[in-house]
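In what follows, chains carry the letters A, B, and so on, assigned in the order in which the sequence lines appear, proteins first and then strands, with residues in each chain numbered from 1.
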Protein chains: 2
Amino acid sequence: MSSADTADAAATGATEPTADTASTGRRARARRRTWIDLKAAALEEVREVGPAGLALRSVARRLGMSPAGLYRYVDSRDGLLTALIADGFHDLADHLEFALGAGGEVATDRERPAPEVPMRAGADADVAERLRAVGLAYRSWSVAHPNEFGLLFGDPIPGYAAPADGPTVEAMTRMGAALARPLLEAAAVGRLRGDRVLSDPSVAGPPGAMDPLLAPGIDPAVGPLLLLAWGRLHGQVSLEVFGHPHWLFPDGCEALFRADLERTLHDLGLVTP
Amino acid sequence: MSSADTADAAATGATEPTADTASTGRRARARRRTWIDLKAAALEEVREVGPAGLALRSVARRLGMSPAGLYRYVDSRDGLLTALIADGFHDLADHLEFALGAGGEVATDRERPAPEVPMRAGADADVAERLRAVGLAYRSWSVAHPNEFGLLFGDPIPGYAAPADGPTVEAMTRMGAALARPLLEAAAVGRLRGDRVLSDPSVAGPPGAMDPLLAPGIDPAVGPLLLLAWGRLHGQVSLEVFGHPHWLFPDGCEALFRADLERTLHDLGLVTP
DNA sequence: TTGCGTTGCGAACAGCGTTCGCGCAGGGTG
DNA sequence: CACCCTGCGCGAACGCTGTTCGCAACGCAA
């Protein structure tokens with residue numbers, strides 16, 4: 001069954017323990033433990049040398065294992081990167097949800113049951129503050145983890161396309177949902193206005209295109225607005241993290257980011273003047 | 001002198017012909033020719049497999065050369081990538097300057113003397129159209145050359161920092177200048193307003209920080225505005241090129257980009273209402 | 001205890017970037 | 001014309017990488 005297991009996990013990029021194996025045995029616990037250690041070591045490596053520099057043999061040395069031994073847990077280097085990408089999106093999603101006020105501590109191990117941040121319908125003025133908070137969290141996580149940011153948003157792995165139902169896009173969807181929540185809340189109470197920024201209504205995407213990602217039955221006009229806001233945040237952060245304006249505009253990155261975020265709040269009708 | 005030549009060129013990453021060598025000999029012409037062919041082959045490789053997948057041996061096979069032979073022209077793989085980055089920025093700058101109305105055809109070989117687009121002071125209403133044009137050119141070049149976009153703006157080469165006076169930042173400066181020109185023109189005629197987007201004037205960077213990049217004596221307030229506008233363009237393009245919203249918002253990318261660009265024109269005071 | 005499935009390892013293969021030393025051929029100088 | 005010298009290209013080699021294969025040892029259930 002080992003080969004079939006590996007073939008199944010090829011889509012996810014990591015060989016998880018099979019379901020029929022008792023997940024409670026001492027064996028299974030040890031396997032989970034080394035799988036977590038493996039990802040931790042690989043993440044440390046990525047933090048030090050970047051995604052392109054990750055070497056399986058180096059990870060194996062860190063763990064005191066043989067290079068071949070890693071292949072009991074990983075089906076290829078790209079598979080390991082894929083697992084790290086999924087974890088990275090989950091980590092970013094954790095920070096965004098924490099900033100949204102989910103309360104509690106951010107889970108430090110990656111065995112997460114998706115805390116399901118509740119939707120806040122009331123408190124109109126609060127929605128701007130929530131979008132501010134999630135935007136600033138997006139930036140702070142990114143500048144604090146530049147190599148992971150590059151892993152998530154930099155050059156995609158050549159020739160690799162994430163399976164639509166894989167853990168990568170599931171984790172990215174969770175992050176996108178956290179990013180979108182303030183906008184969805186604002187739209188729910190009718191405070192989101194798209195006419196300022198989308199004068200041409202033809203920009204609206206196909207209705208229901210984003211449904212599976214966020215919530216069913218959302219206003220199809222909120223999708224473009226979300227993408228627009230995300231693009232604005234992401235542009236500033238991307239330029240900053242990859243160091244392009246750093247040699248050109250040393251210390252004003254955060255202030256500039258705040259200013260653009262504030263203007264975006266205005267453009268979306270979430271602040272009064 | 002060959003070793004000294006290589007050591008000198010280590011900063012630039014490519015072994016250009018020395019100046020004392022007669023640049024007119026048949027030898028020198030052959031060398032320039034193979035150097036151009038080498039970069040063309042490497043660029044083709046980058047277009048196919050991405051920056052991370054570029055292999056010197058594969059480039060050598062393309063040229064019918066030995067892998068070791070390449071080292072007469074290149075001092076390392078990262079050096080070749082650096083040369084390609086510089087060329088990429090020049091190519092992007094060409095497209096931006098062409099969109100700015102420099103007229104004429106875009107030079108196809110990389111032996112360029114920086115055509116020096118003239119500054120247009122008059123024609124107030126024209127400045128919005130020029131910023132529109134350069135923004136759309138930024139996007140069209142990027143989506144047409146996704147792997148080169150990743151080369152220029154994706155994960156930086158691990159452990160590599162471009163020398164401040166190297167050809168890389170010179171080429172990037174040229175691109176930045178083209179991107180900035182409409183804003184500088186608008187500022188010159190007093191049509192650029194920063195109060196809408198920068199309510200807090202403390203965002204202004206250190207005066208003169210961007211002087212060497214653009215033109216001496218520019219208004220220090222235009223720097224943050226330029227970076228803000230660039231960030232907005234770049235965010236949309238980066239998300240689109242790296243495929244993040246593609247599976248989520250299939251065909252509206254260009255329309256959304258235009259809408260955000262239009263709103264940016266409004267935020268900068270370049271369109272009337 | 002017996003047997004099976006899982007786990008790790010050593011060895012090996014192909015491919016990579018990079019270095020070294022050699023031979024050859026072109027070009028400037030007597 | 002003959003000379004030497006410089007630059008060019010190559011073959012071989014080293015150490016590194018990802019990946020595969022077969023074998024030995026171990027946990028666990030029957």
Side-chain angles (χ1 to χ4, degrees), chain A residues 1-7 9-10 13 15-18 20-35 37-38 42 45 49 51-61 63-82 157-160, chain B residues 1-7 9-10 13 15-18 20-35 37-38 42 45 49 52-82 157-160:
Chain A
M1 256 299 182
S2 170
S3 60
D5 175 17
T6 306
T15 305
E16 300 279 359
T18 46
D20 52 355
T21 294
S23 68
T24 171
R26 220 167 64 222
R27 198 105 188 209
R29 259 191 312 124
R31 179 175 182 79
R32 273 198 298 269
R33 172 60 185 235
T34 60
W35 170 234
D37 290 350
L38 199 166
E45 184 97 353
V49 299
L54 181 131
L56 281 189
R57 293 182 114 104
S58 178
V59 175
R61 278 191 295 268
L63 296 173
M65 274 180 71
S66 162
L70 288 189
Y71 282 77
R72 298 288 166 185
Y73 296 86
V74 150
D75 66 342
S76 78
R77 177 179 175 276
D78 286 358
L80 175 57
L81 277 175
T82 303
I157 300 173
Y160 172 76
Chain B
M1 254 302 183
S2 170
S3 61
D5 175 17
T6 307
T15 304
E16 300 279 359
T18 46
D20 52 355
T21 294
S23 67
T24 171
R26 219 168 65 223
R27 199 103 187 215
R29 260 192 311 124
R31 178 175 180 80
R32 274 199 298 269
R33 173 61 185 229
T34 60
W35 170 234
D37 289 350
L38 199 166
E45 185 98 350
V49 298
L54 181 130
L56 282 189
R57 292 181 116 104
S58 178
V59 175
R61 278 192 295 269
R62 241 183 242 264
L63 296 173
M65 276 179 69
S66 161
L70 288 190
Y71 282 77
R72 296 285 171 194
Y73 297 86
V74 151
D75 65 344
S76 77
R77 177 179 176 275
D78 287 357
L80 176 56
L81 277 174
T82 303
I157 301 172
Y160 172 76

Taking all heavy atoms of A:Asp37 and all of A:Leu63, pick out the closest pair and write down the distance. O-CD2, 3.8 Å
Note: B:Ala42 and B:Val59 closest approach over all heavy atoms is CA-CG2, 3.9 Å
Please give, in whole Å, the distance from C:dT7 P to A:Leu38 CG? 13 Å
In whole angstrom, give the distance that lies between atom CE of B:Met65 and atom C1' of D:dG7. 12 Å
When you measure from the side chain of B:Arg27, which nucleotide among C:dA25, C:dT7, C:dT18 comes out closest? C:dA25
Give A:Leu54 one of three labels, base, sugar-phosphate or nothing, depending on what nucleic acid heavy atoms sit under 4.0 Å from its own. sugar-phosphate
Contact list for DNA chain C against residues 56-64 of chain B - heavy-atom distance below 4.0 Å: B:Leu56, B:Arg57, B:Arg61
B:Arg31 side chain N/O closer than 4.0 Å to the phosphate oxygens (OP1, OP2) of D:dC8? yes
Sequence neighbours left out, what passes side chain to side chain donor-acceptor pair (under 3.5 Å) with A:Arg61? Give chain and number order. none
Can you name the residues that form a salt bridge (charged side-chain N to carboxylate O under 4.0 Å, His left out) with B:Arg57, not counting sequence neighbours? none
Could you give the CG-to-P distance, from A:Leu81 to D:dT19, as a whole number of Å? 10 Å
Go through the structure and list residues passing side chain to side chain contact (heavy atoms under 4.5 Å, CB included) with A:Thr34, not counting sequence neighbours. A:Tyr73
Hey, does the side chain of A:Tyr73 come within less than 4.0 Å of C:dG8's phosphate (OP1/OP2), counting only N and O? yes
Consider the side chain of B:Arg77, meaning its heavy atoms from C-beta on, and name the nucleotide among C:dG17, C:dG21, C:dT19 that approaches it most closely. C:dG17
Can you sort out the partners of A:Ser66 under side chain to side chain donor-acceptor pair (under 3.5 Å), two or more places apart, ordered by chain and number? none
DNA chain C in dot-bracket form (Watson-Crick or G-U pairs under 3.5 Å, [ ] crossing, | inter-strand) is ||||||||||||||||||||||||||||||
For the side chain of B:Pro67, starting at C-beta, report the closest nucleotide among C:dC9, D:dT19, C:dT18. C:dT18
At their closest point, which heavy atom of B:Arg62 faces which heavy atom of B:Glu45, and how far apart are they? NH2-OE1, 2.8 Å
Which residues pass the side chain to side chain contact (heavy atoms under 4.5 Å, CB included) test with B:Arg77, not counting sequence neighbours? B:Leu54, B:Leu56, B:Leu81
Rounded to whole Å, CG of A:Leu80 lies from C1' of D:dG18 at a distance of 12 Å
Roughly, in whole Å, what's the span from CZ in B:Arg72 to C1' in C:dT18? 13 Å
Say you draw a straight line from CG of A:Leu70 to CE of A:Met65; how long is it, rounded to the nearest 0.5 Å? 5.0 Å
Nearest-Å distance, CD (B:Glu45) to C1' (C:dG17)? 14 Å
Students often get this wrong, so: under 4.0 angstrom with heavy atoms, is A:Ala55 touching a base, only sugar-phosphate, or nothing? sugar-phosphate
Length of the line joining A:Arg32:CZ and C:dT6:P, which is rounded to integer Å: 15 Å
Once you round it to whole Å, what is the distance between P of D:dG22 and OH of A:Tyr71? 17 Å
